[in-house]
Amino acid sequence: MDTSLLHASPYYGMLPAGFFEVAAPAQSTRPDRQALAALFAEEAERYDIVFYTDNRHVRLVGLFPKEGGEARFGFWETTPDAAANARAFAALEAEARRRNCPAITGPLDFNTFQRYRLRLGAAPSWGRFDREPVNPAYYPELLVGLGFQAHLTFESRLIRPETVPAVYLEKQPLLDALAAMPFDFLPLTAETWPHYEAELFELVQAVFGANPAYRAVSGAQFRALYNSTYAAGLCPHTSVLLREKDSGQLAALSLCQPNYAPLGLPAALPPNFQRDYPKLTAPTLLAKTVGVHPSFRNRGLMNALGAYGMVHFREWYQQVIFCLMRTDNFSLHFTDGLPAETAHYALYRKEL
């Protein structure tokens, strides 16, 4: 086989044979093929999908919204071969221009609800936490060489044990104010998750719906990632929903979990707090999915979520990572001014 040849094939209801065996083992774990097939089948209603691969060095998926607008690329895995990537992205760009797309954005596996963005620079001290973007260092370099620029940027901040006392001193007024807030704090666990799942799905759409590159997802796509099995891995002491007492409406959410990565759990074994937390020798809390409904913003709820997480933090954890915060997002301010180790990420864009 001449692996210098690029093959482009539209999606016709099936994933190409061998496509997901191409390229770079350092990029990610192998996907669940059945779940991936279901995802492509659902998203094919919104996107025209084209697969690009030379069957050895690079794989790439072009995503072209049926209603028009900017193109996206995702499911990108590659060796450092610049020439192979130049061929793949040239084909993607030619198709985007043919469709009059104003720009190409990625890497983005259909939606920010799925895997997206790249981690920049050297690996941080924690290695990798659950669902953190991880990629070889040459990935961003390849994109820049192809004319892409960082479009949206993100940070993860590690607050080490020696800084924790200063955090409590600074945030004590927030802790004191929790009891007086006109909201109920509803702990999230595997047992309570089914009671809130329908409302939680609507809350997630409202909280993240206005984020750049986010598109509403179906209930099925939501439940494939976020369900009772997922909830069993959450920290029951820091994960919470806020419900306004007067209206009964869910107003905010904070989904946190221990960093299970040091345990090296098999990919097919979802983490479980009750089973796996006791095995952690130096527990680190991951503050992961945190947000406030647009109707309740500017009422101090982001700080309230942070303060709630602090109530039991010292009993259960040594340090905390605030994960994957957009650099222009208000959530970043909770840790402003505190000493932290920071990892950086970016979503890239090329104007056509």
Side-chain angles (χ1 to χ4, degrees), residues 111-117 126 128-133 154-159 178 183-209 211 214 217 219 221-243 249-261 265 270-274 276-277 280 283-294 296-297 301-313 316-317 319-326 329-332 334-335:
N111 196 343
T112 59
F113 188 77
Q114 303 290 339
R115 191 182 73 165
Y116 74 107
R117 63 204 153 184
W126 60 79
R128 178 186 189 176
F129 55 74
D130 178 53
R131 300 186 187 180
E132 181 183 11
F154 307 81
E155 295 182 12
S156 293
R157 295 180 178 179
L158 169 66
I159 306 299
L178 283 180
F183 294 88
D184 291 319
F185 290 76
L186 310 174
L188 268 177
T189 66
E191 291 71 35
T192 62
W193 184 277
H195 300 292
Y196 305 128
E197 185 175 67
E199 289 180 279
L200 185 55
F201 170 63
E202 297 299 331
L203 178 62
V204 166
Q205 303 282 46
V207 169
F208 301 107
N211 286 2
Y214 181 86
V217 299
Q221 192 173 151
F222 175 80
R223 289 188 296 273
L225 290 178
Y226 297 97
N227 47 46
S228 293
T229 300
Y230 163 80
L234 293 176
C235 170
H237 310 290
T238 56
S239 297
V240 69
L241 296 173
L242 268 59
R243 187 190 298 279
Q249 182 179 350
L250 288 185
L253 76 162
S254 179
L255 307 182
C256 304
Q257 66 184 59
N259 183 16
Y260 297 107
L265 298 176
N272 180 287
F273 184 90
Q274 301 301 328
D276 297 320
Y277 172 85
L280 296 169
T284 297
L285 180 67
L286 303 178
K288 297 203 65 182
T289 302
V290 182
V292 177
H293 190 288
F296 294 92
R297 289 173 184 165
L301 296 194
M302 192 67 77
N303 281 333
L305 292 170
Y308 178 89
M310 293 172 63
V311 172
H312 298 292
F313 174 83
W316 293 91
Y317 299 96
Q319 57 187 15
V320 57
I321 302 174
F322 292 85
C323 304
L324 299 169
M325 303 171 290
R326 210 170 73 235
N329 193 285
F330 186 81
S331 62
L332 204 66
F334 189 80
T335 54

Full working for side-chain contact (heavy atoms from CB on, under 4.5 Å) between Trp316 and Leu285: CA-CA 9 Å; Trp316 293 91; Leu285 180 67; over 6 Å; no
Stepwise side-chain contact (heavy atoms from CB on, under 4.5 Å) test for Arg117 and Leu324: CA-CA 10 Å; Arg117 63 204 153 184; Leu324 299 169; 3.4 Å; yes
Trace of the side-chain contact (heavy atoms from CB on, under 4.5 Å) decision for Leu241 with Leu203: CA-CA 10 Å; Leu241 296 173; Leu203 178 62; 4.2 Å; yes
Intermediate values then yes/no, side-chain contact (heavy atoms from CB on, under 4.5 Å), Phe201 and Val217: CA-CA 9 Å; Phe201 170 63; Val217 299; 4.3 Å; yes
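Here Arg223 pairs with nothing under the salt bridge (charged side-chain N to carboxylate O under 4.0 Å, His left out) rule; sequence neighbours left out. Glu191 is linked by a salt bridge (charged side-chain N to carboxylate O under 4.0 Å, His left out) to nothing, counting only residues two or more places apart in sequence or in another chain. Remark: Arg157 pairs with Glu155, Asp336 by the salt bridge (charged side-chain N to carboxylate O under 4.0 Å, His left out) rule, at least two apart or across chains. Ala261 is linked by a side chain to side chain contact (heavy atoms under 4.5 Å, CB included) to Asn259, counting only residues two or more places apart in sequence or in another chain. Qualifying ring-ring contact (aromatic ring centres under 6.0 Å, His included) partners for Tyr116, counting only residues two or more places apart in sequence or in other chains: Phe154. For Glu202, there are no side chain to side chain contact (heavy atoms under 4.5 Å, CB included) partners two or more places apart in sequence or in a different chain. Every residue meeting the ring-ring contact (aromatic ring centres under 6.0 Å, His included) condition with Tyr308, not counting sequence neighbours, appears here in chain and number order: Phe185. For Phe208, the ring-ring contact (aromatic ring centres under 6.0 Å, His included) criterion is met by no residue, not counting sequence neighbours. Partners of Asp130 according to the salt bridge (charged side-chain N to carboxylate O under 4.0 Å, His left out) rule, which considers only residues two or more places apart in sequence or in another chain, are Lys288. Listed by chain and residue number, His293, Pro294 satisfy the side chain to side chain contact (heavy atoms under 4.5 Å, CB included) test with Ala206 (two or more places apart in sequence, or in another chain).
Taking CZ of Phe322 as the start and CG of Leu158 as the end, the distance is 10.0 Å to the nearest 0.5 Å. Rounded to the nearest 0.5 angstrom, Trp126 CH2 and Ser156 OG are separated by 5.5 Å. With rounding to the nearest 0.5 Å, the separation of CG in Leu265 from OH in Tyr260 is 8.5 Å. Atom CG of Leu200 is separated from atom CG of Leu255 by 6.5 Å, given to the nearest 0.5 angstrom. Rounded to the nearest 0.5 Å, atoms CZ (Phe222) and CD (Glu197) are 6.5 Å apart.
Proximity of Leu225 to Gln114: side-chain heavy atoms (C-beta onward) are separated by under 4.5 Å at one or more points. At least one side-chain heavy atom of Val311 sits under 4.5 Å from a side-chain heavy atom of Leu178. Side-chain contact between Thr289 and Gln257 is absent, with no heavy atoms from C-beta onward closer than 4.5 Å. Considering only heavy atoms from C-beta on, Gln249 comes within 4.5 Å of Phe296 through its side chain. Taking 4.5 Å as the limit, every side-chain heavy atom of Glu132 sits out of range of all side-chain heavy atoms of Leu286.
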What pairs of donor and acceptor atoms, side-chain ones from residues 229-240 against any protein atom, are under 3.5 angstrom apart with sequence neighbours left out?
{"residue": "Ser239", "atom": "OG", "partner": "Cys235", "partner atom": "O", "Å": "3.0"}
{"residue": "Ser239", "atom": "OG", "partner": "Cys256", "partner atom": "N", "Å": "2.9"}
{"residue": "Ser239", "atom": "OG", "partner": "Cys256", "partner atom": "O", "Å": "2.8"}

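Judged purely by atom type and a 3.5 angstrom limit, Thr284 has no side-chain atom pairing as donor or acceptor with the backbone of Gln319.
In this structure, Tyr277 and Pro258 approach most closely via the heavy-atom pair CD1-CG, 4.2 Å.
For residues 229-239, no pair satisfies salt bridge (charged side-chain N to carboxylate O under 4.0 Å, His left out), with sequence neighbours left out.
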